[in-house]
Amino acid sequence: MSDRKLLVTNALPYVNGHLHLGHLVGYIQADIFVRYQRMNGNHVGYFCGDDTHGTATMIRAREEGREPEAILEEMSDSHQQDFAGFQVVFDHYGSTHSESNREAVTGIWTALREAGRVVERDVTQLFDTESGVFLADRFVKGTCPKCGASDQFGDNCEVCGGMYDPQDLGDPRSTLTGTVPELRTAVHYFVSLEEFHDFLDEWTQSPGRLQPEIANQLKGSFLSEPLRDWDVSRPAPYFGFEIPDAPGHFFYVWVDAPIGYIASTRDWCDQNGEQVEDWWNNPDREIHHFIGKDIVYFHTLFWPAMLKTGGYELPRHVQVNGFLTVNGEKMSKRKGTFLQARTYLEHLSPNYLRYYFASKLSSSVTDIDLNFEEFTAKVNSDLVGKLINLASRTARFMKGQKLCESYPDDGGLFERGAAAGAEIAEAYEACDTNKVTRVVMALADRANEYVEAGAPWSLKKQEGKEEEVRQVCSVALNLFRQLTVYLQPILPELSTKANELLGQESESHFSEAQSPLTGVSVEKFEHLMRRVDPDRITAMVEASISEE
RNA sequence: GGCGGUGUAGCUCAGUCGGUUAGAGCGGCGGCUUCAUAAGCCGUAGGUCGGUGGUUCAAGUCCACUCACCGCUACCA
């Protein structure tokens, strides 16, 4: 079997908010990918952690009158609980506010300096004199200079769609204090990127690196003109790492956020007697990032440039997922469709969402919709009515018995299922779990036809047909188990229960779908999954309704 | 404005290198079954593949134009 070495990361969730179902799209997708790789015998490290720095954290700490570190600890616990609840299992969950990250950031910064990529320049920004901080665009509101709409953010107008500088806003107000900001100038440090242009052209357009729509978009936008310098510093006060050779200046959060991938890996290595170099400086290691489409350019322009300068290996692949809508609309607190991970878990099984997301996700970047009716239908008809029903309608005829000693003639069904393994593997590899579920459910359809034709319930009533009953059920249970092996990355708990039913190890290797089980005892059948109760969805929505 | 993407059945989506009468699931309708978690099976209806033009023996697929929707357009994370 293969023995690839992979390093997989998910985007680091920002510390300032709880996880919601939109976050979970990418985490579940990556977790499925990791589990798939592992069940093929590949060696995977799966790392994540909290993104902690920035103005937002600083402001919140001030408002709550406590140290930022206290918030960090609380939110990290919360995030990790939520991930565990959805069976997203990282090897290590770190933080960008760690010594290991400070070291890694310093290393890359030094390399950028030595490579002559750092330049200084004055930047004039709006400044909130009451809170004493420079205001990023989103912290300023005012009247749109183009259409006159009031209460618009500092960079663009939601009414006319116009773009402008925050200095041009009419009647500007700080969203922090409501005071009128004034213009102030400060030195900022920039990383010049144009030197990386050829490298980034090649890297982003290299086949398999990015989904085609992402590669095309980069090619047609950022990379179609000279790359602008990237502003990587913020003047104090700022919650983050102070720039070692520029006192009073801090690294902008997007400098240290992705470097947090390295730090999280390093923390794990330190605890497990491994060398971080084997993970980030090893050409045999495939680095895979999973991110949302909102942070594409950080990961496809700045990040490769930083890694290259710092002497690290570059990502083999960046997988981008779209946003989540609920019932066709943006998540809304007022309508109760802003669904927090925790609220979901209080009402519904994580398995439902893992399967639903898997069935909606393909290798494209498109947004997916959580439609409650479709959600209910998919889980109830695909999983329960179709797949699990295979076992529940046959296992009871086998209680206390063993599967046939040699696998019976099933008209080539198991063999066809085994042959589908290659297609399923390819789909998992491409994160096309929509295809995985389609192929598996098509196989489940064939299996149900077989059971229908075999009609063990009628055979059971006839004298001398005991062996035929056993044959039909041996086939059905093997087909069932073959499919749960295929779905193990998506539904690990179901796979474990199916294995227990047939006395197998709790986790399967992917190749176990290639050969049927024979002569093993069939344990007592127990419910494998509850159907979705629509009342629970209603309760979840009601629990989520709040003031916007 | 520029760039990128999407548009196929009521809904969600497949559709490979251009190649027979365009597919699946769900939902609808009719029937069968009643082992199973009100599950399953059979049959059936439903599409001028956003539009127009072109290339070709042949176009959902390739090209041009066009319409609609979505996204991106560098210091919000």
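Lettering of chains follows the sequences in order, A, B, ..., and the numbering in each one begins at 1.
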Taking any heavy-atom pair under 4.0 Å as a contact, classify [X]: base, sugar-phosphate, or nothing.
X: A:Phe222; result: base
X: A:Pro226; result: base
X: A:Ala56; result: nothing
X: A:Lys360; result: sugar-phosphate
X: A:Leu301; result: nothing
X: A:Val365; result: nothing

How far does the [atom1] atom of [N] sit from the matching atom of [M], given to the nearest Å?
N: B:C42; M: B:G60; atom1: P; answer: 30 Å
N: B:U16; M: B:C57; atom1: P; answer: 22 Å
N: B:U8; M: B:A38; atom1: P; answer: 35 Å
N: B:G31; M: B:G23; atom1: P; answer: 27 Å
N: B:A45; M: B:C29; atom1: P; answer: 16 Å
N: B:C70; M: B:U61; atom1: P; answer: 25 Å
N: B:U56; M: B:C17; atom1: C1'; answer: 16 Å
N: B:C41; M: B:A9; atom1: P; answer: 25 Å

Exceeds 12 heavy-atom contacts within 6.0 angstrom, atom [atom1] of [X]:
X: A:Arg60; atom1: CZ; answer: yes
X: A:Glu426; atom1: CD; answer: no
X: A:Glu373; atom1: CD; answer: no

In terms of the nearest nucleotide of RNA chain B, which residue is placed more toward the 5' end: A:Glu374 or A:Lys293? A:Glu374
A:Tyr252 or A:Ile368: which one's nearest nucleotide on RNA chain B is closer to the 5' end? A:Ile368
Whole angstrom is fine here: how far is it from [atom1] in [X] over to [atom2] in [N]?
X: A:Phe190; N: B:A74; atom1: CZ; atom2: P; answer: 14 Å
X: A:Asn216; N: B:C72; atom1: CG; atom2: P; answer: 17 Å
X: A:Met441; N: B:A24; atom1: CE; atom2: P; answer: 18 Å
X: A:Leu135; N: B:A77; atom1: CG; atom2: P; answer: 12 Å
X: A:Phe375; N: B:G27; atom1: CZ; atom2: P; answer: 16 Å
X: A:Trp230; N: B:C75; atom1: CH2; atom2: P; answer: 10 Å
X: A:Tyr355; N: B:U12; atom1: OH; atom2: P; answer: 17 Å
X: A:Trp254; N: B:A74; atom1: CH2; atom2: C1'; answer: 13 Å

Looking only at heavy atoms, what is the nearest atom pair of A:Gly292 and A:Val320, with distance? C-CG1, 3.9 Å
For A:Lys293 and A:Asp367: C-alpha separation, side-chain torsions, deciding distance, then whether salt bridge (charged side-chain N to carboxylate O under 4.0 Å, His left out) applies. CA-CA 9 Å; A:Lys293 66 180 183 181; A:Asp367 292 349; 2.7 Å; yes
Look at the side-chain N and O atoms of [X] and state whether any lies under 4.0 Å from the OP1 or OP2 oxygen of [N].
X: A:Asn16; N: B:A77; value: no
X: A:Tyr356; N: B:U12; value: no
X: A:Tyr297; N: B:G4; value: no

Between [X] and [Y], how do the two ring planes meet: parallel, tilted or perpendicular, split at 30° and 60°?
X: A:Tyr261; Y: A:Trp303; answer: perpendicular
X: A:Phe241; Y: A:His97; answer: parallel
X: A:Tyr93; Y: A:Phe83; answer: tilted

Indicate yes or no for a side-chain donor-acceptor contact from A:Thr433 to the backbone of A:Val436 under 3.5 Å, with no hydrogens or angles considered. no
Write out the stems for RNA chain B, ordered by first number and formatted as range with range, counting runs of at least 3 consecutive Watson-Crick or G-U wobble pairs under 3.5 Å. B:1-7 with B:67-73, B:10-13 with B:23-26, B:28-32 with B:40-44, B:50-54 with B:62-66
Check ion pair A:Arg470-A:Glu467 (N to O, under 4.0 angstrom): yes
Answer yes or no for A:Lys308 and A:Phe199: cation-pi contact, defined as NZ/CZ to six-membered ring centre under 6.0 Å and angle to ring axis within 45°. yes
Check whether A:Phe525 forms a cation-pi arrangement with A:Lys399 (NZ or CZ under 6.0 Å from the six-membered ring centre, at most 45° off the ring normal). no
Can you check whether any acceptor in the base of B:A24 is under 3.5 Å from a donor in the side chain of A:Arg438, or vice versa? no
Looking only at side-chain atoms of A:Tyr14, point me to the closest of B:A74, B:A77, B:C75. B:A77
Could you encode protein contacts along nucleotides 29-44 of chain B as a string, one character per nucleotide from 5' to 3', using B for base contact, S for sugar-phosphate-only contact and - for no contact, with a heavy-atom cut-off of under 4.0 Å? ------BBB-SBSS--
